[in-house]
K.L.:
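Dumping the structure here so I can ask a few things about it.
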Amino acid sequence: MAAFGSVFMPRMAYSTFDGQQWSTPTLVAADSISLHPGAHVLHYASTCFEGLKAFRHDDNSINIFRMSASVKRLQQSSQLLSLPSFDSQLLDDMIVDIVRHYADEVPATPGSMYIRPTHIGTEPAIGKAASPSKTSMMYVLLSPVGDYFSGGARKLRLLVEDNAMRCAPHMGMVKSGGNYASALQPILNARQEVDADQVLFCPNGDVQETGAANFLLIDGNEIITKALDSSFLHGNTRASILTIARDMGFTVSERSLSVDELLERVAKPGCEAALSGTAAVLAPVGTLIYQGQEYTVGGNAEADTPKTTQLRAALNAIQWGQAPDTHGWLQRVSPIK
Ligand SMILES: *Cc1c(COP(=O)(O)O)cnc(C)c1O
């Protein structure tokens, strides 16, 4: 099976902003774009993206999960990066058009079609380090993906890092390329030094998130996760899981969680920890590593993670059309007539 995100549909939805207006979106070849080597994005990282999924239901309909939340988030990322603005309708149409074009290629569940809208500053002007790009390009790539847990839900090892930051604090809520390059060195070091899968960034001892997923502590009937602020990415999966958890009767505490409190709670029997994001929905964490010491989540490396599994199954059931979409999260793509 090819690595996640390495296979693309041959065409993509495409539109450009010329400084005045957006072009009528078209479908173009997805294997290349034309860009001046002096383009703003290549020098000053004026780039943002989204990640969402379309699912095939048993009736063969194709359904996009939380599209309007993703479109809003790309609008917000664009604004915070001083990229040109766009109407939500433009990106709605681009996403729906390309998904409809490849409706037959959407894998059956637990697979899905991963959708990657991208917005970049294209003005060829290397003198604009301190000014925005007047022009930009937006495109929507599709990548069919299989079952994230095909190899079983192996529990993750996280290095708890209270020194390094993932990115500059005011950039945390922007889904922007530079943030991921910014987090790479700490992640690579953690892999090499303690065989960690991911780094849990905890600047000043405040538990935040990993390189590309939000963190949730599930202690008994309570879910604790950092309250939204501009320092970290506001995951749509995080929001969806918290909503479902409230529906199920969990107590949801969106508040600051210190490394001290985390380590004090996490090894108790029955405690669970998980990472949330579009790719995996909710992935169990098995071990935290802090200052050379390993903390086994729930006190038992072999233990099941029933709450993580239950919450993931409940969200999957909505995505897969097996439970009512009571929150209106699915957008059905009507077939081509
Ligand atoms: C995309 C992302 C997430 C998860 O967001 P979802 O909308 O749930 O996929 C969390 N953290 C970072 C840094 C991200 O880039």
Side-chain angles (χ1 to χ4, degrees), residues 4-5 45 47-55 64-78 80-81 91 95 112-119 140-141 143 145 148 156 158 161 164-187 190 197-203 206-217 223 225-245 252 254 257 273-283 285 308 311-312 314-316 318-319 327 329-331:
F4 178 88
T47 172
C48 51
F49 67 93
E50 272 303 314
L52 66 166
K53 282 174 168 176
F55 297 91
I64 306 174
F65 185 68
R66 304 221 67 173
M67 181 171 89
S68 66
S70 270
V71 170
K72 275 205 194 85
R73 197 167 62 184
L74 194 71
Q75 287 180 305
Q76 178 179 274
S77 293
S78 299
L80 293 170
L81 292 166
L91 184 53
I95 294 172
S112 60
M113 186 67 87
Y114 184 81
I115 306 167
R116 173 52 66 93
T118 309
H119 187 197
V140 182
L141 287 166
S143 175
V145 294
Y148 188 90
L156 300 170
L158 305 187
E161 170 59 81
M165 286 186 207
R166 184 177 80 88
C167 62
H170 71 289
M171 289 293 289
M173 68 190 289
V174 190
K175 216 167 168 70
S176 181
N179 288 348
Y180 304 85
S182 154
L184 273 181
Q185 282 295 310
I187 295 170
D197 297 296
Q198 289 295 334
V199 172
L200 181 57
F201 290 97
C202 308
D206 178 41
V207 178
Q208 197 180 56
E209 65 170 333
T210 65
N214 295 125
F215 179 82
L216 290 81
L217 184 69
I223 300 182
T225 193
K226 185 170 170 60
L228 298 181
D229 67 22
S230 57
S231 73
F232 76 108
L233 207 285
H234 304 176
N236 294 327
T237 315
R238 171 193 177 282
S240 307
I241 288 284
L242 296 185
T243 300
I244 288 174
V252 174
E254 295 184 72
L257 174 65
L275 296 183
S276 75
T278 292
V281 172
L282 205 56
V285 173
T308 302
L311 288 163
R312 182 175 66 236
L315 185 51
N316 277 153
I318 295 172
Q319 293 175 323
H327 299 284
W329 288 337
L330 291 173
Q331 165 99 27

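Counting convention: from 1, in listed order, for ligands and their atoms alike.
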K.L.:
Counting C-beta onward and ignoring hydrogens, is there a side-chain heavy-atom pair between Gln208 and Pro203 closer than 4.5 Å?
P.N.:
yes

K.L.:
What residues form a ring pair (Phe, Tyr, Trp, His ring centres under 6.0 Å) with Tyr114, not counting sequence neighbours?
P.N.:
Phe4

K.L.:
For a quick check: using heavy atoms under 4.0 Å, what are the residues in contact with ligand 1, sorted by chain and number?
P.N.:
Arg73, Arg166, Lys175, Tyr180, Glu209, Gly211, Ala212, Ala213, Asn214, Leu233, Gly235, Asn236, Thr237, Gly277, Thr278

K.L.:
Under the side chain to side chain contact (heavy atoms under 4.5 Å, CB included) rule, what do Thr237 and Leu315 come out as? Steps first, then yes or no, please.
P.N.:
CA-CA 9 Å; Thr237 315; Leu315 185 51; 4.0 Å; yes

K.L.:
Give every residue pair that meets the salt bridge (charged side-chain N to carboxylate O under 4.0 Å, His left out) criterion with at least one member in residues 227-240, sequence neighbours excluded.
P.N.:
Lys226-Asp229, Arg238-Glu254

K.L.:
Using side-chain heavy atoms (C-beta onward) and a distance below 4.5 Å, is Leu91 in contact with Val140?
P.N.:
yes

K.L.:
Pair up each side-chain donor or acceptor in residues 166-176 with any protein partner under 3.5 Å, not counting sequence neighbours, and list the distances.
P.N.:
from   : atom 1 : to     : atom 2 : distance (Å)
Arg166 : NE     : Glu209 : OE2    : 3.2
Arg166 : NH2    : Gly172 : O      : 3.1
Arg166 : NH2    : Glu209 : OE2    : 3.4
Ser176 : OG     : Thr47  : O      : 2.6

